[in-house]
Protein chains: 2
Amino acid sequence: MDVARSQVPEAGTPVACRSCQAQHGVVCGALSSGQLRELGRHSLRRKVDAGSEIIAQGSESSFYSNITRGVVKLCKVMPDGRQQIVGLQFAPDFVGRPFVRESTLSAEAATDAEICVFPRNLLDRMISETPELQRSLHDQALKELDAAREWMLTLGRRTAEEKVASLLYLIATHAEPQSAASTAFDLPLSRAEIADFLGLTIETVSRQMTRLRKSGVIRIENVRHIVVPDMDELEKKISG
Amino acid sequence: MDVARSQVPEAGTPVACRSCQAQHGVVCGALSSGQLRELGRHSLRRKVDAGSEIIAQGSESSFYSNITRGVVKLCKVMPDGRQQIVGLQFAPDFVGRPFVRESTLSAEAATDAEICVFPRNLLDRMISETPELQRSLHDQALKELDAAREWMLTLGRRTAEEKVASLLYLIATHAEPQSAASTAFDLPLSRAEIADFLGLTIETVSRQMTRLRKSGVIRIENVRHIVVPDMDELEKKISG
DNA sequence: CCGAAACTTTGATCTGGATCAAATCGCGAT
DNA sequence: ATCGCGATTTGATCCAGATCAAAGTTTCGG
């Protein structure tokens, strides 16, 4: 999409970061009120439509952001077009790679989303001045590392059915619950994106979804809306 | 192997950490000389044989270590025995997961190795007192995260031949060079371990190796010793 | 030096998931 | 409502890599 334009977030309302603090676990939770105020003065709240790029692979980005609503996917694409989603980020995750200018992956809104954008320079300075913040970002990095490694196991050693079940479980676990039991949720990804996350093709994803449906593990209310009557049954399909 | 015993490193020579400082990029480079001395007093240098476990998956470990020689593999195994190597660590990498007691993966020496072991409590304290050190470990975590995501692309979207070429390239790039051109190296992994890293079977790994040999990209001097006449040719096999 | 066990290669066959092809379904625009 | 187009499902066939089987080869203890 409009990569160039989205590199510099020109549209957005200046906000006191304080106003979205509750959602900003990773960054704002670690800041003093003075720092919060300063960060707030230089932050923009911005809406991004599903599909639009936040950071382009191989580009230099001069800002970081916090997700305040929606889901962001991290992708790597090969020169020949093959593509792999290497991570999903949910509110209130932090997006951006501290200390490095060039990104080896792209970040793209999977759903309509809202992010709070702030300048790289400022945050880099705050990181070096605030061990709390460093620690907080270190924690997020370690959490992402665990997730990435868990997914390596899925990619390398699980069958197509196990892969699809793993993804549904991941979403069910991270999506904001719509029903009390959190067993009903909207998929933030299309079939093609699911395929790119699982290292499969669209057709295989579709077939495995109907397989899970026919075996009673899930109900597909709608292409994007899934109900899991019994979460244990879904877990059993993952095996490990 | 002897998991229980290896959990507490009882064998080893106490060393001043200073003595291996040159190799301890990640941890020791960020410490003051006083801290170095203290860490040294509580460190053990320890030799570990190829195949022996350093940290067991699901266990609580009370120590961290630095690799001073050799290669360590990080594995995840499923209840049914399927196994995935999720990372390779080379000297002078740091091994251990700060801030968390239980490990979700096992660390095992892939080759005969030497590590410098120190107590978790002490290092955790030093981390919280030393922003430099926090930063250094944060950097390593981000480096590992990049590597994990790069490998996700390999696992999800590359063919068997590309996978094997990727692994050879990784080793060639990280192994201490034996020839000046660094195009000859020992494999730190058996065929079975390579298969577990690439999400393939032993047979497929073997076949792809002979395919690369027959196409002139590599020479197999010995099962464990590889020569790459032209590194560019190897890179071409990776595609991306 | 010999022999057994473990590791690696090679061959034959099978199969899960890819690819190719064709309906359906959904949904925004007219 | 109806059209049209992209997304999804379903079906038929193919093939890369798995599995099964059998030779080599390396390693190492005696």
Side-chain angles (χ1 to χ4, degrees), chain A residues 1 49-51 73 78 80-84 110-112 154-168 186-215 218-226 237 239, chain B residues 1 49-51 73 78 80-84 110-112 154-168 186-215 218-226 237 239:
Chain A
M1 201 141 297
D49 294 335
K73 58 178 180 162
M78 294 170 60
D80 63 8
R82 280 178 288 176
Q83 179 164 355
Q84 177 69 42
T111 62
D112 289 344
T154 298
L155 288 172
R157 290 302 185 201
R158 291 204 233 255
T159 64
E161 185 181 43
E162 290 169 341
K163 285 179 176 182
V164 171
S166 298
L167 179 85
L168 294 177
D186 282 330
L187 284 175
L189 303 178
S190 69
R191 297 292 185 268
E193 290 171 315
I194 293 174
D196 280 340
F197 199 13
L198 297 174
L200 300 171
T201 59
I202 300 175
E203 295 93 327
T204 298
V205 169
S206 177
R207 277 187 249 274
Q208 296 302 333
M209 295 273 286
T210 75
R211 214 159 103 86
L212 288 172
R213 176 171 58 72
K214 284 180 181 165
S215 71
I218 61 172
R219 286 208 316 274
I220 304 178
E221 305 281 278
N222 168 298
V223 186
R224 289 277 191 146
H225 194 77
I226 304 293
K237 292 289 181 183
S239 153
Chain B
M1 202 141 296
D49 294 335
K73 57 178 181 163
M78 294 171 60
D80 64 7
R82 279 178 288 177
Q83 178 163 355
Q84 176 70 42
T111 62
D112 290 343
T154 299
L155 287 172
R157 288 302 185 203
R158 290 204 232 255
T159 65
E161 184 181 44
E162 291 169 341
K163 285 179 177 181
V164 171
S166 298
L167 179 85
L168 294 177
D186 282 330
L187 284 175
L189 303 177
S190 69
R191 297 292 185 267
E193 290 171 315
I194 293 174
D196 280 339
F197 198 14
L198 297 174
L200 299 171
T201 59
I202 300 176
E203 295 92 327
T204 297
V205 170
S206 176
R207 277 188 248 273
Q208 296 302 334
M209 295 273 285
T210 75
R211 213 159 104 86
L212 288 172
R213 177 172 58 72
K214 284 181 180 165
S215 72
I218 60 172
R219 288 209 313 277
I220 304 179
E221 306 280 279
N222 167 297
V223 185
R224 289 276 192 148
H225 193 78
I226 304 293
K237 292 289 180 184
S239 151

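Numbers restart at 1 for each chain; the letters A, B, ... are given by sequence-line order, proteins then strands.
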- [ ] Report yes or no: does A:Arg157 contribute a side-chain atom to a donor-acceptor pair with the main-chain N or O of B:Arg82 at less than 3.5 Å?
- [x] no
- [ ] Ignoring backbone atoms, establish whether A:Ser206 has a side-chain N or O less than 4.0 Å from OP1 or OP2 of D:dT9.
- [x] yes
Task: Integer-rounded Å distance: D:dT8 C1' and A:Ile220 CD1 - done: 10 Å
- [ ] Would you kindly compare A:Arg157 and A:Arg191 by the position of their nearest DNA chain D nucleotide and give the one closer to the 5′ end?
- [x] A:Arg191
- [ ] Measure from CD1 on A:Ile194 to P on D:dT8 and round the result to the nearest Å.
- [x] 8 Å
Open item on the list: Is the phosphate of D:dA18 approached by B:Thr204 (side-chain N or O, under 4.0 Å from OP1 or OP2)?
Closed with: yes
Open item on the list: Counting distance alone, no hydrogens or angles: does the base of C:dT19 have a donor or acceptor under 3.5 Å from a partner atom on the side chain of A:Arg207?
Closed with: yes
Open item on the list: Just N and O in the side chain of A:Thr210: are any of them under 4.0 Å from OP1 or OP2 of D:dT9?
Closed with: no
Open item on the list: Rounding to an integer number of Å, can you tell me how far B:Asn222 CG sits from D:dT27 P?
Closed with: 6 Å
TODO: Record whether the side chain of B:Glu203 comes under 3.5 Å of the base of D:dC20 through a donor-acceptor pair of N or O atoms.
DONE: yes
- [ ] Check whether any side-chain N or O of A:Glu221 sits under 3.5 Å from a backbone N or O of A:Ile226 as a donor-acceptor pair, and report yes or no.
- [x] no
Task: Length of the line joining A:Ile202:CD1 and C:dA23:P, which is rounded to integer Å - done: 19 Å
Task: Nearest-nucleotide comparison on DNA chain C, the residue closer to the 5′ end among B:Ala192 and A:Leu200 - done: B:Ala192
Task: A:Arg211 side chain near A:Glu161 side chain, heavy-atom distance below 4.5 Å - done: yes
Open item on the list: Distance check needed: C:dC7 C1' versus B:Leu189 CG, whole Å only.
Closed with: 14 Å
Open item on the list: In this structure, how many angstroms lie between the P atom of D:dT27 and the CG atom of B:Asp112, rounded?
Closed with: 14 Å
Open item on the list: I want to verify a distance call: between C:dG17, D:dT10, D:dT8, whose nearest atom is closest to the A:Arg213 side chain?
Closed with: D:dT10
Task: A:Lys237/A:Glu162 salt bridge by N-O under 4.0 Å criterion - done: no
Task: B:Asn222 side, atom CG; B:Asp186 side, atom CG - distance, nearest 0.5 Å - done: 7.5 Å
Task: Between D:dT9 (P) and A:Arg211 (CZ): distance, integer Å - done: 15 Å
Task: Distance in angstrom units between B:Met209 CE and D:dG17 C1', rounded - done: 17 Å
